[in-house]
Amino acid sequence: MSDTNKKVVTRFAPSPTGFMHVGGVRTALYAWAWAKKNDGTFILRIEDTDKAREVEGSIAHIMESLKWLGIEWDQGPDIGGSHAPYLQSERLESYKKYANILIEKGLAYPDPYTKEEIESFRKNAEDEKKVFLFRDHRPEKFGVWNGTQPLRFKVPVVKSYTWMDEVRGELSAGPEALDDFILIKSDGYPTYNFAHIIDDLEMGVTHIMRADEFIASTPKFLSLYEALEIIPPVLVTLPPILGKEGTKKLGKRDGAKDILEYRNDGFLADAMVNFLAFLGWNPGDERDVMTPLEIIESFDISRIHKSGAMLDEEKLLWLNKEHLKRQSDEVKLNEVKKHLPDYPEDLLKRLLPSIIDRISVYSQIDHIESTEFRFFIDSPEVDIEKIIWKDETKDQAAIHLEEVKRLIESGDLSSVENVNKLIMPYAEVQGKGSVLWPLRYSLSGQEKSIDPFTLVYILGKEESIKRIEKVLEKLT
Ligand code: GLU
């Protein structure tokens, strides 16, 4: 097929018809990773030739989504490049040039029929239970194309095709897959079928990575490549992305989210890239938490899966936590501060490991703040009846709290381990529940919370003693 010594050039070629979803970004990621892995070029090309389906703001949204994830293009509409322009709507001259080449070869002709006529051909075929093929109605003599009629490709040879797909292996289709498809529409814009072939040629694209919906049209593309004497790029069909139950293909309509929603929900870009990369690929070893750089280094088309990849948001949460845990304390602290702006910094520093333990995404802090962390800055209201461990008495609770207070007053609280060493021997002698329950409850006002040693460490000497004394006053 194609010349393997050529510099790798890949492209992401979205149509600006709405927001970017998981499937689109996964395609971009694979194309990008393959280009980067091979020191090649990654192109962003906007396929904006279907004006009726265009959605305003899509191009900006596509770029913002890719940028968020660090999928940076080497050539594109905003930065230009050696094959500019990168908006198909600005490349009409190229399409016209190749359309004329085909016309000269006798391989393109203006469609002479009205919509109604074509509809009646279609209806007749349906009535006769035959596949409707435009080429069955090809005019004997071609008219002159004046640019206002649709221009159709004349399939040069009606035959079967067998081709190699790097992921799917050998594929084939019979002659019924070929038809005289439209190259240029009556509005002057090319079809995807035509435009992408010309652009890929002019931009030197070596590998096409795209969704499986294009397999059915591939014989048409192959026939056009032949007509123009073009060596096709390597074809790489990516596996479909399935919903959680693993059967239904994920479509925009049935819940595939706008990728920027994940950003708004607080997901980390690196975790998202990791998640997307594993939707249809793996490095072939034990690793499942990987940075974008590691993904690039390991990326290989031969490891792209054939079968559908299941989108499991639980896995994304897990990955996000793994990436979050690997961040430096400085980064973590900065992120946490955004969600807990009224917490003193020194408290936050001590509280940090406990916060990280409890979340997978930073934004979750907002949901658990009032129950899990608020008592660290607002001294809790304690219900004195709850301080009693099992069938013990208030006096016993008071004795233990007095002793723990004494230990805290003179002890080393510089780490959770030191607090543990300070209080645990006494608790072991007296009964762990008898000592640690009243202590934990006095400090947190909660029946379930972080362990008492960590509480003492985070609250510090002064605050811990203040809270114990408040309870002791009520007890005695
Ligand atoms: N414009 C096509 C789409 O958005 C891209 C297909 C391709 O990558 O060639 O579906």
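Whatever order the structure lists them in is the order used to number ligands and atoms, beginning at 1.
- A donor-acceptor contact closer than 3.5 angstrom is absent between the side chains of Arg11 and His83.
- Of the N and O atoms on the side chains of Glu47 and Tyr192, not one donor lies less than 3.5 Å from an acceptor on the other residue.
- Defined by atom type and a distance below 3.5 Å, a donor-acceptor pair is present between the side-chain atoms of Thr454 and Asp451.
- Listed by chain and number, the residues in a side-chain hydrogen bond (donor to acceptor under 3.5 Å, both in side chains) with Trp34 are His207 (sequence neighbours excluded).
- Residue pairs meeting the salt bridge (Lys or Arg N to Asp or Glu O under 4.0 Å) criterion with at least one partner in residues 69-92, sequence neighbours excluded, are Lys36-Asp74, Lys67-Asp78, Arg91-Asp199, Arg91-Glu202.
- In this structure, Tyr189 has no side-chain hydrogen bond (donor to acceptor under 3.5 Å, both in side chains) partners at least two apart in sequence or on a different chain.
- Sorted by chain and number, the residues within 4.0 Å of ligand 1 by heavy atom are Arg11, Ala13, Pro14, Ser15, Glu47, Tyr192, Arg210, Phe214.
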